[in-house]
Amino acid sequence: MSDRWAIAATPDGGAELAPLGPDGLPAGGVRREPSLVEAVRGRPGVARWVWRSTAAVYPRLLAAGVRVDRCYDIEDAETLLLGHEGRHGEPRSAAAALARLRHAPVPPDPPQRAAEPGSQSSLFEPQPVHVPLDDLAAVYADQQRRHDATAHPDRMRLLTATESAGMLVAAEMTAAGLPWRADVHRAVLGELLGERYAGGEPRRLAELADEISAAFGRRVRPDLPADVVRAFAQAGVKVSSTRRWEIESIDHPAVKPLIEYKRLYRIHTAHGWSWLQDWVRDGRLRTEYLPGGTVSGRWVTNGAGALQIPKVIRRAVVADPGWRLVVADADQLEPRVLAAISRDPGLMEVAGRDADLYQSISDRAFASDREQAKLAVLGAVYGQTSGDGLRNLAVLRRRFPRAVAYVDDAARAGEEGRLVRTWLGRTCPPAATAGDQDGEGVPQEDQPSGPAGAPGEFVPGYASTNARARGRFTRNFVVQGSAADWALVMLAALRRACAGLAAELVFFQHDEVIVHCPAEEAPAVTAAIREAADLAGRVTFGDTPVRFPFTTAVVECYADAK
DNA sequence: GAAGACGGCGCC
DNA sequence: AAAGGGCGCCGTCTTC
C-alpha cells in the first residue's frame, strides 16, 4: 500500500480517494466509496492522509471512533506557504489555490463565524466548495514544489507537517473536552461571590459596590470606568483610567474594595454561572482549539475563553475517578528558545542546564537578583522602552550579545517594513493592514522600504511611533513564534507517544499541556512528556546544547499542580 | 437593534 | 519600577 493517500469528502458522506506517487499526484485510479469513515477505517496501513481541511474531515472520523496517525492539511499549508511568500491576504481555500494554479478567477474565502454556546461548532459544517480529488492532488503537488522555493525547505516542510499534526491534536482535544466538575465550579463561585440576589446580582459584588460608594460619599457604579474616573476627580485625585496598575498606589479608601470588585466582577462575567451553563456539558468543558490562530502561531480557542481560565476556577478541573491529570509546564521557554535561535554561546551554555534559567542568568550577570534578570530578559523579548529594564538590558547585551542582537535585528526589520520569520518559517504579516496602500505585500526580496513607516499622509511623530510599535511586534514575534514552533513539534511527539495508551491530551496553552490518563499510566505519560520535549528541541532547532525541561505534576485537580 | 470601538482584565 | 509582546471576552457606549 502506498504510504500517502489523498482523500476528499463528497457531499453525500462518501469519499474520493487515491494513493499518491512520489510527485504527489494520484498514482492509481481514483476510487469512489460510499462512506468516508469506512474508507479510512479500512486502510489502517496508510501512513499519511492528504486532505483539504482537518477541521472539515477529522471530527466525523473521531465521532465514529476512527483515528489517523498523520495527515497533511492542504488549506493550512496553503496559509503558511502564502505567508512565507509575502501574500498573507490572499484567499487560502483549496478552491482558491486551484484557481491560482489554473490562472482562473480566485474565489474569496467563506467568512468565519464565532462559536455559539452548545453548538457543535463549525467543525460539522457542510463542505464549502467541493474540490475533486484530482484537483486537490494538483494543489498538493504544487505545494510540495513551493516548499522547495523557501529559505529553508526542510524547516518549512517540518512546519507544515507539524501544524497538520497539531490539527489532529486540536480536533482530538476538541472532541475530548477538559474534565470539568460543575458542582466544584459552583462551590467556588459561591465562596467568592456569595449567593445571587434576584436578577442574578451576586451578594458580594453588591456589598463591594456599597463600600465603594460609601468611600466616595456618593453612589458610584464601579463597572462604569467613566463614573469611577469622575468620582476620583471629585475626591481630588486625577486618574486617566481605572486600570488596576494606575489606581492601586492611590491612597483612598475606595481603592481596596474597587480592586476587589474588579477581580470578582471579572470572574462573575467571564467565568461565572452563565459561562458554566454555556460551555460545560456532561462533565467536560467544550471549546474548539484552533492551531495557528494567532500570527505568531500560538493557538486560540473559539468559545469559552478557554485559554484565559482564572487560576481560582481551575479547582473545577478534576480527573475522572481512578484517573489523573498530568500537568506539564515548560520551564522558561522563551529565553531557551532565544538561546536556540540566536546561537548565543553564553545563553546556550546556561540554557543547556535544567536549572532555573533566570536564576542562572542572574548568578552570572545580576548579582543573583532573579527578578531583575527575569525582567531584563522579558524586556529584551518584549521591547521594553524605559525604566530599570533598559539599564538591565545593557547588562544583558554585554553578557549575551548575539541573543540581544538577534531580537534587535528583528525589531529593526520590523521598523524598516521588512518581513521576519520564525525558526521554522512562519512569517509575520506585513505592516500595512489589509486593504491599504502597498496591498499586495512584498515578495521574498526583503527590500528596504525607504523612510520607515506608512506611506500616505505624513503626521509628525506618527510614522515613527508606528514603526517602533512594529519593531516591538517583530522583536517579540521571532521568539514567541519560534516557541510556538517548538511547542507544536513537542505536541506531535507527545501525541504519538500516547497513541498506545488510554491517555488523552485534554488541554494545551502555549507552553503547558494536560494529559488525562488512568492513574497507572501517569509515570509513562510523565516520561513521554520529557522525551517529547527533548525530541522537539533537536528536531526543531537542530544541534544545540539547549535543554527544554518541564515541570510536571500528577494530580487529581488542576489547581493542585502549582 | 445590530455592529463596532473601547476600557478593562484574565491567561501565556 | 513601569506600563513591552500575543490573545478572547465582557459590558458599555456610540453609530448607523
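Proteins come first, then strands; the chains are lettered A, B, ... in the order of their sequence lines, and each starts at number 1.
Between A:W275 and A:H185, the distance from one ring center to the other falls under 6.0 angstrom. Side-chain rings of A:F508 and A:W299 approach one another, their centers coming within less than 6.0 Å. A distance of 6.0 Å or more separates the ring centres of A:H516 and A:F507.
Residue-level contact check: A:R314 touches the backbone only, with heavy atoms under 4.0 Å from sugar-phosphate atoms and none from bases. Among the atoms of the strands shown, only primed sugar atoms or phosphate atoms (P, OP1, OP2) are found under 4.0 Å from some heavy atom of A:R472. Across all strands shown, A:A306 has no heavy atoms under 4.0 Å from either base or sugar-phosphate atoms. Residue contacts for A:R221: at a heavy-atom cut-off of 4.0 Å it reaches the sugar-phosphate backbone alone, with no base atom in range. A:V295 comes within 4.0 angstrom of the backbone, heavy atoms only, and of no base. Here A:Y265 lies in heavy-atom contact (under 4.0 Å) with sugar-phosphate atoms only. Among the protein residues, A:G379 comes within range of the nucleic acid bases, having at least one heavy atom under 4.0 Å from a base atom.
Contact check on A:R219 versus A:D210 returns a salt bridge, with a Lys/Arg side-chain nitrogen under 4.0 Å from an Asp/Glu carboxylate oxygen. Using a 4.0 Å cut-off between charged side-chain N and carboxylate O, A:D331 and A:R336 make no salt bridge. Salt-bridge check for A:K256 with A:E260: failed, with every basic side-chain N at 4.0 Å or more from each acidic carboxylate O. Ion pairing of A:R243 with A:E246 is absent here, as no side-chain N (NZ or NE/NH1/NH2) approaches a carboxylate O to less than 4.0 Å. Between A:R92 and A:E75, at least one side-chain N (NZ, or NE/NH1/NH2) sits under 4.0 Å from a carboxylate O, which counts as a salt bridge. Salt bridge absent: A:D227 and A:R221 never bring a charged side-chain N and a carboxylate O closer than 4.0 Å. Using a 4.0 Å cut-off between charged side-chain N and carboxylate O, A:R186 and A:E191 make no salt bridge.
Atom-to-atom, CG of A:L264 to C1' of B:dC9 comes out at 13 Å; the value is rounded to the nearest Å. The interatomic distance linking A:W299 (CH2) with C:dG8 (P) rounds to 15 Å, in whole Å. In this entry the distance linking CD of A:E334 with C1' of B:dC11 reads 13 Å, nearest Å. Protein atom OH of A:Y261 is 12 Å distant from nucleotide atom P of B:dC9, rounded to whole Å. Look at CD1 on A:I309: it is 13 Å from C1' on B:dC12, rounded to the nearest Å. Atom CH2 of A:W275 is separated from atom C1' of C:dG8 by 13 Å (rounded to the nearest Å). Taking atom CG of A:D278 as the reference point, atom P of C:dG8 lies 18 Å away to the nearest angstrom. The distance from atom CD of A:Q308 to atom C1' of C:dC7 is 6 Å, rounded to the nearest whole Å.
The stretch residues 480-488 of chain A does not touch DNA chain B, since none of its heavy atoms comes less than 4.0 Å from the strand. Of all the residues in residues 222-257 of chain A, A:D223, A:L224, A:W245 reach under 4.0 Å from DNA chain C with at least one non-hydrogen atom.
The residue among A:A380 and A:G303 whose nearest nucleotide of DNA chain C lies closer to the 5′ end is A:A380. In terms of position on DNA chain C, the residue among A:L378 and A:E371 whose nearest nucleotide sits closer to the 5' end is A:E371.
Closest approach to the A:K262 side chain among B:dG10, B:dC9, C:dG4 is made by B:dC9 (side chain taken as heavy atoms from C-beta onward). In the set B:dG10, C:dC10, B:dC12, the nucleotide with an atom closest to the side chain of A:R263 is B:dG10. In the set C:dG6, C:dG5, B:dC11, the nucleotide with an atom closest to the side chain of A:T294 is C:dG6.
The base of B:dC12 sits with one of its N or O atoms less than 3.5 Å from a complementary donor or acceptor on the side chain of A:R298.
Contact annotation: the side chain of A:R155 approaches that of A:W423 to within less than 4.5 Å [non-hydrogen atoms, C-beta and beyond].
Residue ring and base: A:Y382 does not count as stacked with C:dG4 (centre distance below 5.5 Å and interplanar angle below 30° not both satisfied).
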